[in-house]
Q: 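The structure under discussion is supplied below as structure tokens; questions concerning it will follow.
Numbered from 1 within each chain, the chains take letters A, B, ... in sequence-line order.
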Amino acid sequence: MRQRVSHKKQGKLERPRGTRDFLPEEMEKRRHVERIMRKIAESYGYREVCTPTFEHLELFTIKSGEQIVEEIYSFKDKGGRDLALRPELTAPVMRMFVNECSVMPRPLRFYYFANCFRYERPQKGRYREFWQFGVELIGSDEPESEAEVIALASRILDELGIDYELHVGHVGILRNVLRGVEDEISSKIFRLIDKGQLDELRELMLSSGLESLYNDVEAVIQAESLEDLPESAGKENVSRLKRVCELLDVYGVKYYVDTGVVRGLDYYTGIVFEVYAEGLGAQKQICGGGSYRLAHLFGGEDVPSTGFAIGFDRVMEICGLKPAEKRRVAVVHANQLEEAVKLAERLRRELPECVIVTDVMGRNLRKQLSHFSDFDFAVIVGKKEVEKGLYTLKDLKSGKQEELDFEELVNRLKSTRQGTQSI
RNA sequence: GCCCGGAUGGGGUAGAGGUUAUCCUCUGGGACUGUGGAUCCCAGGAGCCGGGUUCGAAUCCCGGUCCGGGCCCCA
């Protein structure tokens, strides 16, 4: 028995700002994309790790850049500890490495898929709770590790059918050009380069007495090939970038050399890369990464690492992939509830790839068929069938039906793919 | 944090101070207790929140919340 209670809405409780609910259809798409990412990362030897949703606030304030810290969801727990919801996963994974994995054979290949939290103004492709898929390759300082990580990111995006641009650079080049410049001014310079505000950049450098460096900075930002880089870029930096590019060619990755790539996080030390895609409004960047050294900040040795993070929600916005639909079978009955439930249980064991559903609303046969009319098949269980020990299989797309025993029924449901073919 | 634009049943909408808020869809029931999608009938369900103006507010004004676009920043 059902009763309708007419309740006046009294200030409906809403989702917190910047968070989302995901209905089944969307979750199926998200899980499908997630599975593809995992599968590819695993095929390169990366294994999943998971770190806590919250960490000590300090983990994120040590070396993540001023701006990130302002966007952290932080709080005191009941013991007075300063904690924070993770705004990203590179620092937690490196903390985990220092805590648990420092004596494991190198390199370590980890991947993660997890939600992160940032207190920001929500926009298209930007939420306060969002998901990142990323990898960290820990322990190698060789160009081949950088090429592998970049190639992996590129492979994943290819597999998802995304149209993107991959830009590869080296933060050491600009840093070398600007060596000797005060930290405060150089970070302003980096910010302007990141924003692409070249007029303001020129103004700042001239007013800071850095006119002698301006030409080199401009040359670095606008370099279209490694040959265009000035002497002050640093020989080692340039040859490293060149080597990574050669290896990317071996992988068959398409990329742009872009020595103006400046990552927001301060901990990057060498090769850096970003991936941009259209269709996301102001949030063009869907992936970013590079080489960094973080472990020593958490009390470990100074281990070189390379990683990337994909903005999962942004990828979902522009990825049209959908999982294959499962065949849906309704076991309906005419006053034979027990028999129908029994049959449904047997079918579920035989046909794990199918969706098998029975009525739980006490409906009569007509109502059941009406309710399940968008399914692929109905198996009808009634007195007639029970007496004969047979079942009626009805193809709901074509309307055709036939009487079968259990074995035949299973074979029919197995052999007809996706319910597109009629029996 | 800043600037714009929005918010009407579960979803999509109409209404531009004046009865009981429109239509579509949806959900439940019935016509029809062993054969669905059609049709018809019945039922259910809404003006984001809080103030103000007014005889009267979904409509006008103010504040807040949330959403969207942009800035800032960032993935």
Q: Expressed in angstrom and rounded to an integer, what is the separation of A/D313 atom CG from B/C74 atom P?
A: 19 Å

Q: Once you apply the 3.5 Å cut-off to both distances, tell me the Watson-Crick or G-U wobble partner of B/A21, or none.
A: none

Q: For residues 49-57 of chain A, tabulate all N or O donor-acceptor pairs below 3.5 Å that involve a side-chain atom, not counting sequence neighbours.
A:
{"from": "A/E55", "atom 1": "OE1", "to": "A/R95", "atom 2": "NH1", "distance (Å)": "2.9"}
{"from": "A/E55", "atom 1": "OE2", "to": "A/R95", "atom 2": "NH1", "distance (Å)": "2.5"}

Q: What is the distance from OH of A/Y127 to P of B/C74, rounded to the nearest Å?
A: 20 Å

Q: Determine the sole option in A/M96, A/M94, A/E88 for which the side chain to side chain contact (heavy atoms under 4.5 Å, CB included) test with A/P92 is passed.
A: A/E88

Q: Could you tell me which nucleotide pairs with B/A31 by Watson-Crick or G-U wobble geometry, both distances under 3.5 Å, or answer none if nothing does?
A: B/U39

Q: Using Watson-Crick or G-U wobble geometry with both distances under 3.5 Å, which nucleotide pairs with B/G68?
A: B/C4

Q: Nearest of B/A75, B/G36, B/G69 to any side-chain atom of A/Q123?
A: B/G69

Q: Take atom C1' in B/U13 and the same atom in B/G69, then report the distance between them in whole Å.
A: 23 Å

Q: Can a donor-acceptor pair under 3.5 Å be found between the side-chain atoms of A/R118 and the base atoms of B/A75?
A: yes

Q: In whole Å, what separates the P atom of B/C48 from that of B/G6?
A: 14 Å

Q: Which residue lies toward the 5' end of RNA chain B, A/I286 or A/K124, if each is placed at its nearest nucleotide?
A: A/K124

Q: Could you tell me whether A/F375 contacts a base, only the sugar-phosphate backbone, or nothing, with contacts defined as non-hydrogen atoms closer than 4.0 Å?
A: nothing

Q: A/L396 side chain: which of B/G36, B/G28, B/A75 is closest?
A: B/G36

Q: Need one value for A/Q368: base, sugar-phosphate or nothing, where a base atom within 4.0 Å counts as base even if backbone is also close, heavy atoms only.
A: nothing

Q: Please report the closest heavy-atom contact between A/L204 and A/S208, naming both atoms and the distance.
A: O-OG, 2.7 Å

Q: How close or far is atom P of B/G68 from atom CZ of A/R128, stated in whole angstroms?
A: 12 Å

Q: Kindly write out the residues that satisfy ring pair (Phe, Tyr, Trp, His ring centres under 6.0 Å) with A/Y73, not counting sequence neighbours, or none if the list is empty.
A: A/Y119

Q: Round to the nearest Å and state the distance from A/F372 atom CZ to B/U27 atom P.
A: 13 Å

Q: Which pairs, with at least one residue in residues 322-362 of chain A and sequence neighbours excluded, count as a ring-ring contact (aromatic ring centres under 6.0 Å, His included)?
A: none

Q: Taking atom P of B/A75 as reference, at what distance in whole Å does atom CG of A/L85 sit?
A: 18 Å

Q: A/K394 NZ to B/G37 C1': how many Å, rounded?
A: 11 Å

Q: Report the base-pairing partner of B/C26 (Watson-Crick or G-U wobble, both distances below 3.5 angstrom), or none.
A: B/G44

Q: Is there side-chain contact between A/F308 and A/V272, with at least one heavy-atom pair below 4.5 Å?
A: no

Q: Sequence neighbours left out, what pairs pass salt bridge (charged side-chain N to carboxylate O under 4.0 Å, His left out) with at least one residue falling in residues 130-141 of chain A?
A: A/D141-A/R293

Q: Any idea which of B/G1, B/C72, B/G37 is nearest the A/R121 side chain?
A: B/G1

Q: Classify the nucleic acid contact of A/R15 as base, sugar-phosphate or nothing, counting any heavy atom under 4.0 Å across all strands shown.
A: nothing

Q: Provide the distance between the two P atoms, one in B/C55 and one in B/C41, to the nearest whole Å.
A: 44 Å

Q: B/U53 pairs with which nucleotide, Watson-Crick or G-U wobble, both distances below 3.5 Å?
A: none

Q: Answer yes or no: side-chain N or O of A/E120 and base N or O of B/A75 forming a donor-acceptor pair under 3.5 Å.
A: yes

Q: Donor-acceptor pairs under 3.5 angstrom involving side-chain atoms of residues 151-161 of chain A: please list them, not counting sequence neighbours.
A:
{"from": "A/S154", "atom 1": "OG", "to": "A/Y164", "atom 2": "OH", "distance (Å)": "2.9"}
{"from": "A/R155", "atom 1": "NE", "to": "A/E159", "atom 2": "OE1", "distance (Å)": "3.4"}
{"from": "A/R155", "atom 1": "NH2", "to": "A/E159", "atom 2": "OE1", "distance (Å)": "3.4"}
{"from": "A/D158", "atom 1": "OD1", "to": "A/Y164", "atom 2": "OH", "distance (Å)": "2.8"}

Q: Does the side chain to side chain contact (heavy atoms under 4.5 Å, CB included) test come out yes or no for A/H167 and A/F273, once each step is laid out?
A: CA-CA 5 Å; A/H167 290 226; A/F273 65 101; over 6 Å; no

Q: Is there a Watson-Crick or G-U wobble partner for B/A75 with both distances under 3.5 Å, and if so, which one is it?
A: none

Q: Between N or O atoms, less than 3.5 Å apart, protein on one side and nucleotides 32-34 of chain B on the other: list the pairs.
A:
{"from": "B/C32", "atom 1": "O2", "to": "A/R366", "atom 2": "NE", "distance (Å)": "2.5"}
{"from": "B/C32", "atom 1": "O2", "to": "A/R366", "atom 2": "NH1", "distance (Å)": "2.8"}
{"from": "B/C32", "atom 1": "O2", "to": "A/R366", "atom 2": "NH2", "distance (Å)": "3.2"}
{"from": "B/G34", "atom 1": "O6", "to": "A/K383", "atom 2": "N", "distance (Å)": "2.4"}
{"from": "B/G34", "atom 1": "O6", "to": "A/K384", "atom 2": "N", "distance (Å)": "2.7"}
{"from": "B/G34", "atom 1": "N1", "to": "A/E385", "atom 2": "OE1", "distance (Å)": "2.8"}
{"from": "B/G34", "atom 1": "N2", "to": "A/E385", "atom 2": "OE1", "distance (Å)": "3.4"}
{"from": "B/G34", "atom 1": "N2", "to": "A/E385", "atom 2": "OE2", "distance (Å)": "2.7"}

Q: I'd like the P distance from B/C49 over to B/G11, given in whole Å.
A: 14 Å

Q: Take the protein atom NZ of A/K284 and the nucleotide atom P of B/A75, then report the distance between them rounded to whole Å.
A: 16 Å

Q: Compare the minimum distances between each of B/G29, B/G69, B/A75 and the side chain of A/R314, then state the nucleotide with the smallest one.
A: B/A75

Q: So, is B/G37 syn or anti if syn means the angle is within 90° of 0?
A: anti

Q: When you compare B/C40 with B/G18, how far apart are their P atoms, in angstrom units rounded to a whole number?
A: 33 Å

Q: Tell me what A/R363 touches on the nucleic acid: a base, only sugar-phosphate, or nothing, going by heavy atoms under 4.0 Å.
A: sugar-phosphate

Q: For A/L369 and A/I310, take the nucleotide of RNA chain B holding the closest heavy atom to each; which residue's nucleotide lies nearer the 5' end?
A: A/L369

Q: Write down the distance between CD1 (A/I162) and P (B/A75), rounded to a whole number of angstrom.
A: 18 Å

Q: Distance between the P atoms of B/G63 and B/A14, in whole angstroms?
A: 26 Å

Q: Answer with base, sugar-phosphate or nothing: what part of the nucleic acid does A/G18 contact at a heavy-atom distance below 4.0 Å?
A: sugar-phosphate

Q: How far, in whole Å, is B/C62 from B/U54 if one measures between their C1' atoms?
A: 16 Å

Q: By the definition salt bridge (charged side-chain N to carboxylate O under 4.0 Å, His left out), identify the one residue from A/E42, A/E48, A/E148 that meets it with A/R109.
A: A/E148

